[in-house]
S.K.: 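The structure that follows is given in the form of structure tokens.
Each chain gets a letter, A, B and so on, in the order its sequence line appears, and its residues count up from 1.
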Amino acid sequence: MALDTVSILDGNKFVVSNRQGDIDATPTLPHGLFLDDTRFLSRWVLTVNGQRPVLLSIDDTSYDRVQFFLALATGTVYIDSQLSVIRKRTVGDGFHEELLLVNHGKAAAELKVRIEAAADFADLFEAKDKVRKKGELYCNVLAGDRVTFGYRRDNYWRETHVASTQPAELSEDGLLYQVNLGPKDSWKTELNIAAVMDPGHAIEKPMLKNVKASPRPELTEDLKHWIDDAPKVVTSWRPLEEIYRRSLIDLAALRFRKPVLLEAMPAAGLPWFMTIFGRDGILTSLQTLPFLPKLASTTLGTLGLLQSRSDDPFRDAEPGKIPHEVRFGEMTAFEETPHSPYYGTADATPLYLVLLEEYERWTGDRELVLSLENEARAAMRWIDKYGDRDGDGYIEYERRNPNGLENQCWKDSGDSIAFADGTLAPTPRATCELQGYAYDAKRRTARLAREVFKDSVWASELDRQASDLKQRFNQDFWLPDRKFYALALDGSKRRVDSLTSNIGHLLWSGIADEDKAAHCVTHLMSDALFSGWGVRTMGINEGSYNPIGYHVGTVWPHDNAIVVWGLRRYGYEAEAARLSYAMLEAAELFHYRLPEAFAGYNRDLTKYPVEYPTACSPQAWAAGAPLLLIRALLGLEAKDKQLIVNPALPKTIERLELLDVPGAWGRRDAFGRARVR
Amino acid sequence: MENPAGAQIDNELLARRGRAEGLGDVTGDLRLQIEDDIVGILHVENGTASIQPNGDATALIRFDTPDTLLAVLGGGMNSFVAYLQGRLRLEGDRALAIRVLFGLRAGSPWTDLAGVKPHGP
């Protein structure tokens with residue numbers, strides 16, 4: 001998010017404002033009160049006697065609430081402001097705002113306090129455009145009670161109710177207070193902004209009087225329990241403790257609840273991806289499994305439930321496929337977008353199987369895994385039958401909905417899969433990491449088949465398929481001249497020869513031959529890929545490279561955490577430690593919160609990592625990245641219901657303790673000292 | 001309980017019992033209602049689906065109109081879209097309801113019922 005905005009959130013309910021607390025949405029400013037992919041308030045602007053108060057400071061230490069300390073400017077530095085304005089805001093099913101004015105002067109003040117309000121009910125997909133709504137927008141003023149902004153299109157019905165504890169002149173433009181403030185006196189009102197879905201069936205909530213100043217104590221308690229339940233990090237390098245705590249809070253904030261879902265699972269990222277994404281949910285769950293295993297069980301259950309059971313070209317769905325994205329806004333409701341759910345991802349299905357096995361190995365929870373055996377078998381059938389579109393033994397993707405995603409891998413922007421000369425690769429595209437995920441899924445599911453599902457025939461077949469895939473992959477994807485794996489095979493089975501971070505995912509999956517892995521490690525740590533802060537998505541000598549290109553040169557923290565995991569898997573401890581520490585240093589400079597992505601400029605150009613302009617923050621898998629780095633630094637693995645610890649710390653982190661790691665063993669502590677040079 | 005809404009459509013619904021390809025791994029009973037009027041109990045077992053006039057159920061699917069019920073039951077209307085439009089609500093065992101509703105999109109004994117019109121693109 002841009003530095004000039006302030007966001008508070010609770011799952012997919014969030015408020016984005018400027019630094020004064022005003023909401024003033026435009027196509028370039030994604031301000032608003034959002035819930036279920038719909039903007040319920042697009043304007044909320046405070047003026048006092050026609051002036052917007054100026055910012056003194058912001059207190060945003062809690063993810064669901066913020067305080068803005070403002071003052072009415074006098075227009076000159078020689079005259080002190082006599083009026084403090086304090087706005088305290090908490091998000092829920094809407095938001096609650098306490099507005100406090102304090103007169104520090106010796107004379108009485110007559111004030112016109114106005115809050116301009118409006119609601120455009122834009123679908124999140126419409127928020128970047130000025131779109132004419134297809135239904136009816138309306139506004140009702142109930143004198144002395146509340147203002148209602150509404151939108152109705154057939155049965156689709158949304159309303160925003162605005163109410164105040166102090167009497168106000170209410171109008172379609174908002175609220176106006178005439179305040180007579182005596183010397184040293186103060187005045188306060190509380191405002192409730194309720195977002196109401198389907199008002200015809202909604203239960204009316206108490207709107208007005210006697211709203212408590214801290215309206216959501218249960219959230220504070222829930223967060224305390226969340227943090228208390230996670231393992232404790234104790235380390236000689238103190239920033240890591242702050243980074244870890246920030247990650248835990250962000251992961252709590254991003255948890256997402258809906259009546260159609262079983263339990264809370266992480267939304268992907270603020271502001272554009274505050275919903276369920278299959279890939280993001282799975283990778284976040286993998287990153288956080290040794291710390292917060294509940295996220296993994298919820299993700300497995302929810303995505304299993306939403307697994308496609310039908311062939312549906314509009315949604316890019318086939319039986320067994322794990323969903324890519326679920327949306328709840330108007331455009332989805334009227335099938336103007338296919339997100340109900342949309343299944344345009346080729347990696348979520350194999351990654352689902354990877355998570356299922358990892359979950360069982362860490363937690364020993366066979367009951368859940370057994371309950372998902374049908375889902376596992378359906379996912380594997382999808383890999384073999386639908387994922388491999390042309391029967392060549394590799395997963396490849398091509399959208400069937402012409403408005404669907406052209407790239408159905410994690411680098412899903414349009415220009416990400418290109419040859420070294422910058423030419424885009426024709427579809428269908430078989431990206432390399434998809435084959436690694438498929439290999440890993442088969443190996444891991446073979447273990448589950450053998451040990452949990454008690455199907456040794458299937459287990460043997462999966463192991464045979466995995467061995468065959470690995471052998472073919474190391475021939476078909478290897479670029480002997482450049483000595484790394486091709487980014488993809490294109491529609492004509494040509495090797496797409498750009499150097500990218502995807503080769504790190506191959507190390508994580510285990511599909512790379514040992515000798516070829518050594519070459520990949522050299523490339524990953526080379527100046528072409530390693531910026532000094534992290535591994536770039538694409539090497540600097542490739543035709544499409546752009547240090548501020550979304551998937552063609554930026555550095556992604558989750559990507560780097562996976563690369564580190566892969567380095568550890570193949571025994572490259574020093575490289576893993578070096579890359580981990582660089583990423584954690586970047587986190588420290590981002591105020592302990594890693595963004596979705598940052599620019600790929602060389603570290604020697606700046607003292608700080610450069611922001612990527614539209615990066616989501618917080619972002620679930622960026623928040624999860626430090627947790628996976630901690631796991632990799634300590635070399636944590638689960639095997640035979642035992643916690644394995646094999647630390648490899650950089651010398652800058654002399655000591656690292658992770659206390660009360662949950663798993664099949666109960667709770668255990670892990671401890672590491674710096675030895676890697 | 002009276003069944004006036006269901007009475008308009010129940011003859012054909014109740015007469016059908018057949019394969020539901022997407023429900024091979026699902027077993028359960030769901031009460032179908034049009035608003036507060038009970039239509040019947042949708043019974044799913046071993047890849048087949050039928051509607052019985054009475055019985056216990058662990059989930060409730062409440063439709064706004066007979067048209068929506070027929071469209072969703074026949075697999076012509078995406079149930080998630082119906083939910084977002086406020087045409088369908090779930091109570092009780094939501095997981096069972098979602099599995100069944102998603103599964104009916106892959107094939108349903110009620111697909112060719114009069115009044116079932118394909119919805120969506």
S.K.: Out of the candidates A/Phe328, A/Phe125, A/Phe273, only one should pair with A/His339 under the ring pair (Phe, Tyr, Trp, His ring centres under 6.0 Å) rule; please name it.
M.R.: A/Phe125

S.K.: For residues A/Tyr342 and A/Phe277, establish whether the separation of their ring centroids is below 6.0 Å.
M.R.: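 No, the ring of A/Tyr342 stays outside the 6.0 Å limit from the ring of A/Phe277, centre to centre.
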
S.K.: Does any backbone or side-chain atom of A/Asp154 lie under 4.5 Å from a heavy atom of chain B? Answer side chain, backbone, both or neither.
M.R.: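 It is the side chain, since no backbone atom gets that close.
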
S.K.: Quick one: which of A/Ser310, A/Gly329, A/Ser340, A/Ala378 has the most heavy-atom pairs under 4.5 Å with chain B, could you say?
M.R.: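 Going by pairs under 4.5 Å, I would pick A/Ser340.
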
S.K.: Start with the C-alpha distance between A/Phe314 and A/Tyr343, add both sets of side-chain angles, then the distance that settles ring pair (Phe, Tyr, Trp, His ring centres under 6.0 Å), and finish with yes or no.
M.R.: CA-CA 9 Å; A/Phe314 176 65; A/Tyr343 291 84; over 10 Å; no

S.K.: Pick one of side chain, backbone, both or neither for A/Asp36, based on which atoms fall under 4.5 Å of a heavy atom in chain B.
M.R.: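 No part of it gets close to chain B.
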
S.K.: Applying ring pair (Phe, Tyr, Trp, His ring centres under 6.0 Å) between A/Phe40 and each of A/Phe149, A/Tyr151, A/Phe121, report the one that passes.
M.R.: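 Filter result, single survivor: A/Phe121.
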
S.K.: Examine whether an atom of A/Glu336 lies under 4.5 Å from a heavy atom of chain B, and if so say whether it belongs to the side chain, the backbone or both; otherwise answer neither.
M.R.: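 Contact with chain B involves no heavy atom of A/Glu336 at all.
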
S.K.: Any ion pair linking B/Arg89 and B/Asp64 (charged N to carboxylate O, less than 4.0 Å)?
M.R.: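 Judged by the 4.0 Å cut-off on N to carboxylate O distance, B/Asp64 and B/Arg89 do not form a salt bridge.
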
S.K.: Given heavy-atom pairs under 4.5 angstrom as the criterion, report whether the side chain, backbone, both or neither of A/Arg377 touches chain B.
M.R.: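 No part of it gets close to chain B.
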
S.K.: Under 4.5 Å from any heavy atom of chain B, what part of A/Glu375 do you find: side chain, backbone, both or neither?
M.R.: side chain

